[in-house]
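Remember, it's 1-based here, ligands and their atoms both numbered in the order they're listed. Predicted, not measured: the structure shown is a model, and the values here were computed from it.
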Amino acid sequence: MSVAAVLAHEVDFAGWRAAARRFAQSGVSPNDVIWSVGCANDLFAEHAEADAALGVGEQAGSFTVSRRLLALAETVVQARDPERFALLYGLVWRAHRGDRTVLEDLADPAVQRVRRLAQSVQRDTHKMRAFVRFRVVTDQDVTRHVAWFEPDHYIVEANAAFFVRRFATMVWSILTPYRSVHWTGQALRFAAGAERADIPDDDALEAYWRTYYSSIFNPARLKITAMRSEMPQKYWRNLPEAALIPDLIRNAGARTDRMVEATTLSSNYPTEQPAGPSPAPAALATGLAGIAQQAQACRRCHLWEPATQLVFGEGPADAALMIVGEQPGDQEDLAGRPFIGPAGQLLNRALSEAGIDRSKAYVTNAVKHFKFEPRGKRRIHAKPDTTEITACKFWIDQERAAVTPRLTLLLGATAARAVLGRTVTITRERGRPIALGDGSQAFVSVHPSYLLRLPDEDAKQREFAAFVTDLRSVRALID
Ligand code: URA
């Protein structure tokens with residue numbers, strides 16, 4: 001006789017795990033379990049009966065399955081394959097009965113199949129994270145961002161937290177054929193699937209994506225096959241920029257020629273000139289709020305991926321003083337605000353000693369995503385490289401153009417490089433105003449983290465005093 005395991009929904013990992021544990025402990029062979037999803041009342045009845053007949057119940061006996069197998073199961077449960085629960089229970093059954101290395105048996109058809117499913121779910125996850133595109137929908141003064149996506153697998157639930165972290169400050173919905181997820185800015189809600197027609201067709205954000213994509217498109221790197229496998233045509237119709245692809249491909253030869261020509265003409269330019277990307281369309285870049293909103297979706301370099309969110313600048317949009325740091329740290333990444341961690345506290349203390357009111361300054365960073373290296377549970381700050389600084393210069397340029405500060409205070413070499421567009425030796429250039437092309441001034445000083453890192457107390461005090469002296473000069477220049 002068989003037993004039925006009815007799971008609550010397609011990705012009911014907890015339900016599968018509890019049932020698998022119960023069955024394994026009761027000695028129910030995989031051949032005797034019928035797995036299904038949904039609330040089938042008739043199956044429930046049969047289930048109870050069969051359970052009794054097979055002696056399935058809450059057993060106290062031990063149940064040990066490796067974490068690796070459970071982690072794999074958590075991924076594979078998301079696969080759109082009706083046999084996934086049975087396959088996984090088959091592996092659990094073998095592990096529970098002593099086959100501790102079941103996953104190592106790469107020649108085993110069940111292991112192969114489960115691994116293939118896991119890879120396919122991971123690929124789908126990667127695509128969802130990369131290709132979800134929001135459209136702006138405004139209804140009764142509420143602005144909502146809505147995206148349509150067609151995953152291959154049941155991956156919406158497992159990825160919702162990723163989108164919450166990435167777009168924490170937006171109100172958004174992602175609609176898919178099998179499940180919708182809504183973020184209110186505070187709470188996450190799942191609902192039934194939807195249809196593509198449920199979201200409007202075109203909006204300004206689409207124009208932005210198109211401009212952005214065509215500006216980062218490098219014809220010399222065009223690899224059509226790779227592009228198709230990375231961005232399967234199935235997703236193209238949801239990507240506003242995809243409308244450009246046929247033209248971009250068609251014109252790639254001519255664009256390459258123009259690029260080569262432009263490089264030849266400008267060969268005496270510094271090599272760190274911003275690589276291509278053009279400003280966002282004027283219609284969208286209305287004020288700082290618009291720029292900040294566009295920045296949230298930034299993919300100009302790879303730093304967006306591991307970071308929790310983009311940390312944009314904050315402060316009055318007409319500030320006379322703009323303060324530029326390097327990049328958000330661990331705490332800034334989590335809170336979404338610049339300079340609130342230890343370096344920020346030291347900066348606050350120095351500003352107040354120099355008589356500068358931080359709330360009147362616009363505070364931002366050269367690089368807007370936290371770059372780090374994981375070390376156990378900790379995330380260790382990693383210095384942004386030239387490519388990342390150059391990619392992010394796009395945003396600092398826009399912030400400066402919108403705020404038009406009289407003076408931009410550059411804390412450390414990264415900030416100085418981003419705004420001045422060249423390598424800066426702090427000791428040589430700190431402490432005096434530097435004229436900028438737009439008629440405003442820059443002023444270079446040390447980064448507060450440098451003071452935090454100094455090993456001895458005397459040096460710390462001396463350097464802190466020198467930092468305050470710099471800030472007093474800044475104050476004199478803007479007063
Ligand atoms: N360091 C920075 O440069 N910026 C921050 O926001 C925090 C630490």
Is Gln327 close to ligand 1, meaning an N/O of one under 3.5 Å from an N/O of the other? yes
Is it the case that the side chains of His381 and Gln327 hold a donor-acceptor pair, with the cut-off being a distance below 3.5 Å and no angle test? yes
With a 3.5 Å distance limit and no angle check, can you tell me whether Lys393 reaches the backbone of Ala418 through a side-chain donor-acceptor pair? yes
Can you name the atoms of ligand 1, numbered from 1 with element, that are less than 4.0 Å from a heavy atom of His447? 1 (N), 2 (C), 3 (O)
If you measure every N/O of Phe339 against every N/O of ligand 1, is any gap under 3.5 Å? yes
Does ligand 1 have a heavy atom under 4.0 Å from the side chain of Glu332, from its backbone, from both, or from neither? side chain
For ligand 1, is there an N or O atom under 3.5 Å from any N or O atom of Asn365? yes
So, Glu305 versus His369: side-chain donor-acceptor pair below 3.5 Å or not? no
Going by the atom numbers of ligand 1, which of them fall below 4.0 Å from some non-hydrogen atom of Glu326? 2 (C), 3 (O)
Can a donor-acceptor pair be found between the side chains of Arg189 and Ser180 at a distance below 3.5 Å? no
Determine, for Tyr154 and Arg80, whether the Lys NZ or Arg CZ falls below 6.0 Å from the six-membered ring centre while staying within 45 degrees of the axis. yes
Proximal ligand 1 atoms for Gly325, defined as those under 4.0 Å from one of its heavy atoms: 3 (O)
Would you say Arg17 has more than 12 foreign heavy atoms packed within less than 6.0 Å of its CZ? no
